[in-house]
Undergrad: 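Just dropping this structure here.
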Amino acid sequence: MTSSVDTRTVTVTVRYFAGAKAAAGRGSEPMTVPAGTTIAALVEAVASDHGEALVKVLAASSFLLDGTAVHSRDEVLADGAVLDVLPPFAGG
């Protein structure tokens, strides 16, 4: 009997803006994750990779997936997707 473990992966580009960029120490990065990964799981992975400063920013951030506002972090990521991390902005 053979196992049918899914070993496929998808690559998602995470782009950081403003305070998220400062906390991550970069403007963007590719993340390779298992197929079926949700936005929530990707955000958790990003947080564990970059430490407490980014964890705090991510908790207050909103997200765009391929240019569309994210309303549910349960959405599954497709290969080639772009996730924008948008921390709260001040201004007037």
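In what follows, every heavy atom counts, from backbone to side chain, and hydrogens, waters and symmetry copies are set aside.
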Undergrad: Going by side-chain contact (heavy atoms from CB on, under 4.5 Å), name the residues that satisfy it together with Thr32, two or more places apart in sequence or in a different chain.
TA: Thr9, Thr11
Undergrad: Roughly how far, to the nearest 0.5 Å, is the CG atom of Leu86 from the OG atom of Ser61?
TA: 7.0 Å
Undergrad: Going from CG on Leu77 to CD1 on Ile39, what distance comes out if it is rounded to the nearest 0.5 angstrom?
TA: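 Rounded to the nearest 0.5 Å, the CG-CD1 separation comes out at 5.5 Å.
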Undergrad: Please walk me through it: do Tyr16 and Leu54 pass side chain to side chain contact (heavy atoms under 4.5 Å, CB included)?
TA: CA-CA 10 Å; Tyr16 304 102; Leu54 187 58; 4.1 Å; yes
Undergrad: Show the nearest heavy-atom pair for residues Ala20 and Val85, with the distance to one decimal.
TA: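 Shortest heavy-atom separation between Ala20 and Val85 comes out as CB-CG1, 3.8 Å.
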Undergrad: With side chain to side chain contact (heavy atoms under 4.5 Å, CB included) as the test, would you mind laying out the steps for Phe63 and Leu58 before giving the verdict?
TA: CA-CA 9 Å; Phe63 302 90; Leu58 290 170; 4.1 Å; yes
Undergrad: Which atom names give the shortest non-hydrogen contact between Leu42 and Val33, and what distance separates them?
TA: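 Of all heavy-atom pairs spanning Leu42 and Val33, the closest is CD1-CG1, 3.8 Å.
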Undergrad: After noting the C-alpha distance and the side-chain angles of Glu75 and Val70, does the key distance pass the side chain to side chain contact (heavy atoms under 4.5 Å, CB included) rule?
TA: CA-CA 8 Å; Glu75 189 168 342; Val70 170; 5.5 Å; no
Undergrad: Linking I/L/V/M/F/W/Y whenever their side-chain heavy atoms sit closer than 4.5 Å, directly or via other members, would Val12 and Leu64 fall into one cluster?
TA: no
Undergrad: Which atoms form the tightest heavy-atom contact between Val55 and Ala47, and what is the distance?
TA: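 That would be CG2-CB, 3.6 Å.
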Undergrad: Taking Phe17 as the starting point, is it possible to reach Met31 by hopping between hydrophobic residues whose side chains are less than 4.5 Å apart?
TA: no
Undergrad: Taking it one step at a time, do His50 and Arg26 satisfy side chain to side chain contact (heavy atoms under 4.5 Å, CB included)?
TA: CA-CA 10 Å; His50 292 287; Arg26 65 192 71 201; 3.7 Å; yes
Undergrad: Compare every heavy atom of Pro87 with every heavy atom of Val57, then report the nearest pair and how far apart it is.
TA: CG1-CB, 3.8 Å
Undergrad: Do other residues, nucleotides or ligands put more than 12 heavy atoms under 6.0 Å from the CD atom of Glu44?
TA: no
Undergrad: If we only count heavy atoms from C-beta on, is the Leu83 to Arg15 side-chain gap below 4.5 Å?
TA: no
Undergrad: If every non-hydrogen atom of Thr13 is compared with every non-hydrogen atom of Ser28, which pair is closest and at what distance?
TA: CG2-CB, 4.4 Å
